[in-house]
Every structure is written in C-alpha cells, then in structure tokens.
Protein chains: 2
Amino acid sequence: MEADEAVETIQHEMTVFARRARASAGRMHPELSLVSYTLLGHLEERGGCRATDLAAHYALDKSTVSRQVAALERARLVERRLDPDDHRVQVLHLTEAGRRILAQVTDSRRAAFRERLEDWPAEDLRRFAGYLVRYNAWAPPDDEA
Amino acid sequence: MEADEAVETIQHEMTVFARRARASAGRMHPELSLVSYTLLGHLEERGGCRATDLAAHYALDKSTVSRQVAALERARLVERRLDPDDHRVQVLHLTEAGRRILAQVTDSRRAAFRERLEDWPAEDLRRFAGYLVRYNAWAPPDDEA
DNA sequence: ACTTCAAGTTGTACTATACAACCAAGTGGG
DNA sequence: CCCACTTGGTTGTATAGTACAACTTGAAGT
C-alpha cells in the first residue's frame, strides 16, 4: 500500500466509523447517550467542573451543555453546587448514582471493545492505541475540540 | 503499555473521535452532511442502487434514507430512475452536479486528512490504515452496520 | 455607580433519526 | 383469476442533539 493510498483508507475507515459510532453507542446504552457519557466521564476525571468548561472542552454551545446537564441532574446523575466565591458559577459533581451508571456503562463498553479486539496480538493493540492517540492529539488550526 | 490498557486507550480515543467527527465534518462541508456524503459516495462506487440497499448497508431506517434522498434530489445531486421491470423500484444515480460536489468534498476531506497525517512515516500510515480496516470489518453478533 | 464581562437559562429552529401507518406494485397459492 | 402476502417507498409523528440569539444574574473595572 502506498502512503497516499493509506491516507485514503484512513479517511474512508474513519468516516465509516464516525457514521456508525453514535447509533451503535445509543443502541448499546439507551440509558446514556454518547455525549452524556462523555460529560460524565469528564466530571469523573476532573472531580467536578463548570458547565462552561465542558462547553469549551467539547466545542459545544453553552446552551447545549446547559440542557444536557439539566437532563443529567433530573436523572440524579450529577448535582450542582453553587460556588460560594462566585455566585454565577455552578460546580458540577457526579452523584453516587452517576458514578455507578458511569462505571457500569464504561464496563459494558469495555467488554464490547475487548470482544472486538480479542483476537488482536498485543503488539498490534499497542500500536493501534498509539496511532489513535497521535491522530486525535493533532490540533487543527482552528481547533475543533 | 499493557494489552488491557491498550484496549482502554483505543476505546477512549475512538469515543473522542466519534464525538468530534460529525460536528467537524459538518463544519468542514456545510453543503454536504456526513450522511449525504456517504450516500453519494456509495452511489458513485456502485454506479446506482436502490434506497433499500442504502438503508440496509448503512443500518438506517428506510424513512431516513427516503428523506435524505429526497433532499439530495431537491439539490439535484441524485436522480431517480424508475426500474422498468419492477415499478416499485427507483434506481438512484448521481447527477453530473452530484459527481462534481462529491469530488470536491472528497478532495477537501482528503486535503484535511493529508495535512493531519503529513508528519507520519509511511510505515505508520500503512499500519494505521490496516488496523482501521480490521477494526471496522469486525461483524458484531447482531450487526450494526 | 455605570458599563462591561462572564455564566447560565430559555425561546426558537433545524437536522438526523426511528417507528408506525400507509400506498403501490409484484408474487404465489387456491 | 383473486386474495393474501411481500417488498419498496413515502408520510405522519415524535425524539435527541444541536446552534444561535435574547435574556438574567452576578462580578469587576474605571
């Protein structure tokens, strides 16, 4: 395979993947959309942050995040704590239920990935993981993420 | 990196990518959504097919395809030809304009990918492409695509 | 204090999608 | 030959996710 051809293949396969991902994620976990899952994961990693940070980090409009967070709060997966120093700010935290659901969905996603990748040699897994990190780390001129 | 860790990284990075892809594809090409682009590409490859085939191939509801195709027809990018042997069937074909737009978007997407991948050694490109093909080729128990 | 800025919410609109109900055209058994 | 069934497609309706614009409230700077 030529390098140019490889680029085209990458383009094609990434496109295929992108088209499939949301729908299949939704089918796997009707209880937690890909976006909600991502936001919950971010909260877990950071141990709480502001809606604005989520919006900036994921290139979503603040209104979008506002509604997502409202839904997550209704579902009792996150809670908001008013920042005592700046009353405009609501710091978002996972609830116990949120942590539980997140862990559960993460497990089930992990199981799906494991199954999908179970026949791969360890060396290929490592390389593939590395390539993906490198691919995603690329910062576009006008950042997209 | 351990193999398990690699699987987690793959999961994480694929998730990140999936979340970003549609939005950025939309921003790159407001004139042709990712789905429309994919459908047009399919028509180009096959040189015409039925709406039902598109629906089956991309795991989309026939109503979804119907509306997408209707929009593409309104935009004069595809045309429908009634199958003379079976009047239920409409065979879809790219129009000249459709071919043109498709080529243009493909070029611009290709340029974006090339830019993103320009610093990669050829060997890495080849391997990455191979991994993606292999990843996407996996047929889930209850197929998703 | 008045202006300006920042964080969020709400109104509105649009796209992609699914499911169900439907129509129209073939197909096959009695 | 007719009626039931199947297949390809459209339309009605509902939902999720998203953006943009207008607004509210609180903070900060001159």
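Just so we're on the same page: letters track the sequence lines, and every chain starts at 1.
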Inspect the contact between [Y] and [X] and indicate whether a charged nitrogen and a carboxylate oxygen are less than 4.0 angstrom apart.
X      : Y      : result
A:R127 : A:E123 : yes
A:R116 : A:E118 : no
B:D83  : B:R88  : no
A:D124 : B:R134 : yes

What is the distance, rounded to the nearest whole Å, between atom [atom1] of [X] and atom [atom2] of [N]?
X     : N      : atom1 : atom2 : value
B:D83 : C:dA24 : CG    : C1'   : 15 Å
B:L32 : C:dT15 : CG    : P     : 14 Å
A:L54 : D:dT18 : CG    : P     : 13 Å
B:L34 : C:dT15 : CG    : C1'   : 13 Å
A:R50 : C:dA6  : CZ    : P     : 11 Å
A:H87 : C:dC5  : NE2   : P     : 23 Å
B:L92 : D:dG8  : CG    : C1'   : 11 Å
A:Y37 : D:dG17 : OH    : P     : 16 Å

Output one line per pair: protein atom, nucleotide atom from nucleotides 1-4 of chain C, and distance, for all N/O pairs under 3.5 Å.
none

* Say whether A:F113 and A:Y135 are linked into one hydrophobic cluster, either directly or through other cluster members, by side-chain heavy-atom distances under 4.5 angstrom. =>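 Cluster IDs for A:F113 and A:Y135 match.
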* A:S63 side chain to A:S66 side chain, donor-acceptor N/O pair below 3.5 angstrom -> no
Polar side-chain atom of [X] near backbone of [Y] as donor-acceptor pair, under 3.5 Å:
X      : Y      : answer
B:T38  : B:L34  : yes
A:T106 : A:L102 : yes
A:T95  : A:R76  : yes

* How do A:D85 and A:S36 order along DNA chain D: which one's closest nucleotide is nearer the 5' end? -> A:S36
* Asked: So which nucleotide from D:dT18, C:dG8, D:dG8 ends up closest to the side chain of B:T52?
  ->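 Of the options given, the side chain of B:T52 lies nearest D:dG8.
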* To do: Would you state whether a donor and an acceptor, one from the side chain of A:R88 and one from the base of D:dT25, lie under 3.5 Å apart?
  => no
What's touching nucleotides 9-12 of chain C from the protein side, N or O pairs under 3.5 Å?
unit_1 : atom_1 : unit_2 : atom_2 : d
C:dT9  : OP1    : A:R80  : NH1    : 2.4
C:dT9  : OP2    : A:S66  : OG     : 2.5
C:dG11 : N7     : A:R67  : NH2    : 3.4
C:dG11 : O6     : A:R67  : NH2    : 2.2
C:dT12 : O4     : A:R67  : NH2    : 3.1

* **Phosphate contact (C:dT15 OP1 or OP2) by B:S33 side-chain N/O below 4.0 Å** => no
* Asked: Hey, is the side chain of B:Q68 poking within less than 4.0 Å of OP1 or OP2 on C:dT15, counting only N and O atoms?
  ->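 For B:Q68, the contact criterion (side-chain N or O under 4.0 Å from OP1 or OP2 of C:dT15) is not met.
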